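Here is how names work: the chains are called A, B, and so on, in the same order as the sequence lines, proteins then strands, and each is numbered from 1. Model, not experiment: these values are computed from the prediction. Hydrogens, waters and symmetry mates are skipped; everything else that's a heavy atom, side chains included, is used.
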Amino acid sequence: MSATDPSPMKPVPLVTADTRAFWDACAEGALTFQRCAACGHVQFPPRPFCTECRATGPGTERSAGLGTIHSYTIVHRAPTAAFKADTPYVLALVDVDEGFRLMVNLRGCPPSDARIGLRVRVLFEPLAGGGALPQVRPLVE
Amino acid sequence: MTPVISGAADTAVGRLDGSGCMALHAEAASAALADAGLRADEVDGVLCAYSLAEPHLMLSSVFNEYFGIAPSYSAAVQAGGATACALVMQAAALVRAGICRNVLAVCADNRLTGLGRSGAVAALAEVGHPQFERPYGMSIPAAYALVARRCMHEQGVTAEHLAAISVTQRGHARRHPKAQARDPLTMEQALSARMIADPLRLFDCCLVSDGGAALVISAADVAADHTDRAVSILGYGQMNTHEHAFAMPSLTDFGCRQSAAQAFAMAGLTPADIDVAEIYDSFTITLLAELESIGFFPKGEAGPAILDGALELDGVLPCNTHGGLLSYGHSGAAGGMFHIVEAVRQLRGEAEARQVAGAETAFVHGDGGILSAHCSLILGRA
Ligand SMILES: [Zn+2]
């Protein structure tokens, strides 16, 4: 690992065969997840089988992009130099309404606005080198 | 054949200038073998962990070659902070199956001089998911802060409860001449320290250290020929619920519940029977969440009990009596093994100024990842 020489570049998602369609959808502004046609199980990240009933080929659906903060932290000490300029930033676990969980950063408000139960809407941030990263901002009703 | 812990040892811990990963392995291994009264050529099984400072695909083979032994059984296990306990469980199973007579379990790393604190923080952040966590700047403290925040929300955990853990363990470390962090620590200092990942402050986070530890797990009849200080392995268990923070099935209840239940059932004991506990404390919240998940305290009651001194040497559950990862030291898998070495010393009555009077049963627990992999041990005075 390159631990002793942290890159100034933020890590970009290392796309795999399982996740290429997910990231392609993000680039188009769509958050997707899988629902098993056989048993109805919702899962994320994408896999070629259902972790509940083992059926192959779960279907892909588009999320409405709304969710609720399950927990959060305000990061003051960045893991690598690439994130230092962003501190303090909010890292949150968001329960998306369709029934899966994402780790994201909370954008569009001061870190002090973060709270458990906050309703949020997904947005997409452009990634260096193309593509987009799902993030969230507070949902304004 | 019944397995016992026949030898236990650790090296110095802290900033060990000029130390190397393999030299620390060898020093710990030699000391543990001497403690067991065994020669190196009597070892027929070797279990190692992993190294961040000197990583290798086959660490146990690298160790065997360096140490100059050729054991018939050898493997490296990687389960983060659960590794040391998992090595004992694996060694006990090998002895019980008659595959090995003397298993050397050895862990070491020179994280502080080999990587530095920043390097270690960056290297550990790489355990985050390469697509769904690392692009968001997740550090390991941040992942545990997510747990802490949810425990505060659901169970009334407070910053004071967490600070009381670091202050209590610093008090324990001050009674251990080898501990890395021995300066006095007050509640006020802990509560006003630099914020790392809200709500976790500096003293809520473990140390980064150089150091190593080793254990010898032997068949009881072999051990009886060499030592009268062997420690009984009364029970063990594991549970593995997830790997990544975003995949945690719960942020307040963890696999240690099941791993400990297995170990207690095997030992025929309950948490109330335990005289001393050495439980993984990568962060203060790690220990608090595990104390409640395992059942040492009802949900929401560990924090107030700790403020009342429950984890002191004369408390209801003397815990992390060497100072733990928070104040004794944390050099990777060896960090979890320091907990086992301390339990052995407590059960032998060799813990000097930090001895728990009359300790006959010890509970040891390690967890790896983000409270992902769990292994529990119950040890007893022979
Ligand atoms: Zn299914």
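Taken to the nearest 0.5 Å, the NE2 atom of His153(B) stands 5.0 Å off from the CD1 atom of Ile116(A). If you take CE on Met248(B) and CZ on Arg101(A), they are separated by 7.5 Å, rounding to the nearest 0.5 Å. Note that the CD atom of Glu133(B) and the CG atom of Leu93(A) stand 8.0 Å from one another [nearest 0.5 Å].
The 12-atom threshold is not exceeded at CE of Met58(B), counting heavy atoms of other residues, nucleotides or ligands nearer than 6.0 Å. Under a cut-off of 6.0 angstrom, the local environment of NZ in Lys299(B) is crowded, with over 12 non-hydrogen atoms contributed by other residues, nucleotides or ligands.
In this structure, the side chains of Val121(B) and Thr80(A) stay at 4.5 Å or more apart for every pair of heavy atoms. For the pair His76(A)/Ser139(B), no side-chain contact is recorded, criterion being any heavy-atom separation below 4.5 Å from C-beta on. Side-chain contact between Arg77(A) and Met195(B) is absent, with no heavy atoms from C-beta onward closer than 4.5 Å.
Separation of the Tyr136(B) and Tyr89(A) ring centroids does not fall under the 6.0 Å cut-off. Here the two rings, on Phe132(B) and Phe22(A), have centers that are under 6.0 Å apart.
Chosen from Phe100(A), Phe44(A), Phe83(A), the residue pairing most often with chain B at heavy-atom distances under 4.5 Å is Phe83(A). No other option in Gly137(B), Ala197(B), Pro130(B), Ala125(B) has as many heavy-atom pairs under 4.5 Å with chain A as Gly137(B). Per-residue heavy-atom pair counts under 4.5 Å with chain A were compared for Asp198(B), Leu251(B), Leu200(B), and the maximum is reached by Asp198(B).
Side-chain atoms of Thr73(A) never come within 3.5 Å of backbone atoms of Ala145(B) as a donor-acceptor pair (strictly under, hydrogens ignored).
Of the two parts of Ala245(B), the backbone and the side chain both hold a non-hydrogen atom closer than 4.5 Å to a non-hydrogen atom of chain A. Contacts of Thr87(A) with chain B are absent, with no heavy-atom separation under 4.5 Å from either backbone or side chain. Proximity to chain B involves both the backbone and the side chain of Pro134(A), based on heavy atoms less than 4.5 angstrom apart.
Minimum interatomic distance between Val12(A) and Pro135(B) (heavy atoms only, all atoms of both residues): C-CG, 4.3 Å. The two residues Leu91(A) and Met138(B) make their nearest non-hydrogen contact at CD2-CG, 3.6 Å. A pairwise comparison of heavy atoms in Gln131(B) and Thr19(A) identifies OE1-OG1, 2.7 Å as the closest pair. The two residues Ser71(A) and Arg149(B) have their closest heavy-atom pair at OG-CB, 3.4 Å.
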Side chain to side chain contact (heavy atoms under 4.5 Å, CB included) between Leu146(B) and His70(A), worked out = CA-CA 9 Å; Leu146(B) 293 168; His70(A) 182 75; over 6 Å; no
